[in-house]
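Presented below is the structure to which this report refers.
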Amino acid sequence: MKKFPFTSWVYRDISVYPPTELDNQFEAGLNLPMTPPFEHNKAEDVARLKEYLDKAQEYGIQMILHADFTTHPFRDMGEERFVKEIKEFYEVTLQSHPAVYGFFVGDEPSTVEDLELTRRLIILMKKILPNLTPYVNFQGSTCSYSKDMFGGKTQTEWLAEIKAEAGYFLHSYDMYGQLVNDGGGTTDYYVECMKNLEASEKAGLTPMACLICSAHMVFHIPTEYDIVWQISTAAAMGFDGINWFRFYDSPVVPNYHGSPIDQFGNKTPHYYDMLRAMRGFQEQFGEIFPKLKRKSTYFFGQDRDRKSYPRFTKDSHDKIEYIRCFEESMLSFFEHEETGEEYFCIVNASRQFYDHYEIKCKSDDYDIRMITRNGLGNGKRRLIKEGEEPWEGEFLYPGQMGLFKIEKKQEC
């Protein structure tokens, strides 16, 4: 069963981390882990990679391979040699191992040359290894690139062209500003998310979000609420998974710190914050969210003027009259791809205060039911009482999400 994917960068090479590290990653909730970087012609690296893949197969998961088959090696090797080596590596050396999800293509292409190499490499990988999925991470500021960067095309046109030739490929956008100076870049985060998502969705693709789980430069060490907030807002806005920057600290780059696993290989208290946040999301929503197609997103409650998604009003939806609360909040509507049923989620977008939510429909013909445990919960009715009396309400802690289904009442 498909679950909401979580992965993470692992920057030090594969010789540093034994395959037992996959135990820690899987325990924390990473279900599409990325390998540490390795060289495909280095015997020691390949031997360790095979151990990683065998362990991943035992867990029933796949891995993204961070090999030396990225854009710059592609440019230097030339297409003919590149095709020969990557095909032999996957099909002969790895014997088409079932735990391989796909190869990492590149990170933050931000020049005309790098974007063109990225385009060519994704198409080539899908042509020669059609059962694998290439993965590339873009900058959050990609939505601000000029047409010149994409060869005279818009971001959407460029992505759509790749999809037309290659089919589906996995991509993400990195956005870290939401944690700078205690959230000072939050508005930029929403703006970039909205614009990049729109560009990808119009191209027929759904991206992942590359978010931050460590202290990087001026960023503070994320709290558990920060992590939950990032997961909830990303899922609500329509991202199809999360790649975390970054799961491990490094003694080589001491300015990058505060990761779930420290530079000595120890699990920090933050590791368990991450575990609760990721596994908690999977327990409640991880199996149902991949089936929900986002239709619209709004802000409501406190107005912080995020310069992105519109405010929810009584005219925004044909069934929901209003949702009362005090704190800044996010609201997204979805359609279940299998049943066609309508869902919506509420996210308490405050990272400091819990809030109380009152939901009222425009008609007595509909019920609102809360969805928990991926639909296995009791589906408690969550509507304000007749006569607009206060009810016990739905309480959400900072960053928490509530998921609801709109149901037409059955006639007796």
Side-chain angles (χ1 to χ4, degrees), residues 9 70-72 104-123 134-164 166 169-214 216-219 229-230 233-246 294 296-299 303-311 328 330 332 349:
W9 301 110
T70 52
T71 49
H72 288 177
F104 173 54
V105 173
D107 185 37
E108 298 185 339
S110 56
T111 66
V112 173
E113 180 194 21
D114 284 347
L115 284 163
E116 176 58 15
L117 285 168
T118 298
R119 183 190 70 82
R120 287 173 53 200
L121 185 49
I122 292 171
I123 293 169
Y135 167 60
V136 60
N137 178 57
F138 296 112
Q139 288 186 325
S141 58
T142 300
C143 58
S144 301
Y145 288 0
S146 68
K147 283 188 175 183
D148 293 340
M149 294 284 285
F150 298 112
K153 304 177 182 68
T154 65
Q155 180 183 354
T156 291
E157 290 169 342
W158 186 79
L159 290 167
E161 181 183 272
I162 300 174
K163 183 176 184 290
F169 63 96
L170 185 65
H171 70 294
S172 60
Y173 297 95
D174 59 6
M175 291 157 295
Y176 307 148
Q178 62 276 13
L179 295 194
V180 65
N181 298 328
D182 294 325
T186 300
T187 296
D188 290 339
Y189 164 73
Y190 285 130
V191 170
E192 290 182 346
C193 285
M194 183 187 74
K195 290 182 177 179
N196 286 320
L197 272 162
E198 182 180 70
S200 292
E201 289 172 348
K202 284 183 177 179
L205 297 163
T206 306
M208 295 177 72
C210 183
L211 306 178
I212 188 165
C213 70
S214 62
H216 168 43
M217 305 297 283
V218 296
F219 301 95
W229 181 94
Q230 289 184 96
T233 56
M237 288 185 284
F239 285 103
D240 197 24
I242 292 172
N243 181 9
W244 293 111
F245 177 88
R246 53 190 228 166
R294 187 186 67 92
S296 56
T297 298
Y298 303 91
F299 285 112
D303 188 356
R304 301 290 295 274
D305 188 20
R306 295 303 188 183
K307 307 183 189 308
S308 51
Y309 297 104
R311 300 284 298 172
E328 179 183 26
M330 176 175 278
S332 285

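Positions are given from 1, in the same order as the sequence printed here.
The heavy-atom pair separating His72 from Asp114 by the smallest distance is NE2-OD1, 3.0 Å. Arg246 and Ser214 get closest at one heavy-atom pair: N-OG, 3.4 Å. Across all their heavy atoms, Leu211 and Gln230 have their closest contact at CB-OE1, 3.4 Å. Smallest separation of non-hydrogen atoms from Glu157 and Lys153: OE1-CA, 3.4 Å. In plain terms, the two heavy atoms of Gln178 and Thr186 that are nearest each other are O-OG1, 3.5 Å. Ala203 and Lys163 make their closest contact through O-CD, 3.2 Å (heavy atoms, listed as atom of the first residue, atom of the second, distance).
Side chain of Arg294 to main chain of Met237: a donor-acceptor pair is present (N/O by atom type, distance under 3.5 Å, no hydrogens or angles). Side-chain atoms of Asp174 come within 3.5 Å of backbone atoms of Gly140 as a donor-acceptor pair (strictly under, hydrogens ignored). The backbone N or O of Ser144 sits nowhere less than 3.5 Å from a side-chain atom of Ser141 that would complete a donor-acceptor pair. With hydrogens and angles disregarded, no donor-acceptor distance shorter than 3.5 Å links the side chain of Ser332 to the backbone of Thr297. Looking only at distances, no side-chain donor or acceptor of Ser200 sits under 3.5 Å from a matching main-chain atom of Leu197.
To the nearest 0.5 Å, atoms CE (Met175) and CZ (Phe245) are separated by 14.0 Å. Expressed to the nearest 0.5 Å, how far CD of Glu192 lies from OG1 of Thr187 amounts to 11.5 Å.
Under the 4.5 Å side-chain criterion, counting only non-hydrogen atoms from C-beta, Met149 is not in contact with Thr142. Looking at heavy atoms from C-beta onward, Leu205 lies in side-chain contact with Phe169 at the 4.5 angstrom threshold. Within the 4.5 Å cutoff, side-chain heavy atoms of Val105 are placed close to those of Thr118. Side-chain contact between Ser172 and Tyr135 is present, with heavy atoms from C-beta onward closer than 4.5 Å. Between Asn137 and His171, every side-chain heavy-atom pair lies at or beyond the 4.5 Å cut-off.
Relative ring orientation between His216 and Tyr176 is described as perpendicular, the plane-to-plane angle rising above 60° on a 0-90° scale split at 30° and 60°. Ring-plane geometry between Phe150 and Tyr145 is classed as tilted, the angle between the planes lying from 30 to 60 degrees on a 0 to 90 degree scale.
The only member of Ile122, Ile162, Ile123, Leu170 that meets side-chain contact (heavy atoms from CB on, under 4.5 Å) when paired with Pro134 is Ile122. With respect to Thr71, the side-chain contact (heavy atoms from CB on, under 4.5 Å) criterion is satisfied by exactly one of Leu117, Leu115, Val136: Leu117. Of the options Tyr298, Phe299, Tyr309, a ring-ring contact (aromatic ring centres under 6.0 Å, His included) to Tyr190 is made by Phe299 and by none of the others.
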Query raised in the report: What's the verdict on salt bridge (Lys or Arg N to Asp or Glu O under 4.0 Å) for Glu198 and Lys195, showing C-alpha distance, side-chain angles and the deciding distance?
Result: CA-CA 5 Å; Glu198 182 180 70; Lys195 290 182 177 179; over 6 Å; no

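For Phe138 and Tyr173, the ring centers are positioned less than 6.0 Å apart.
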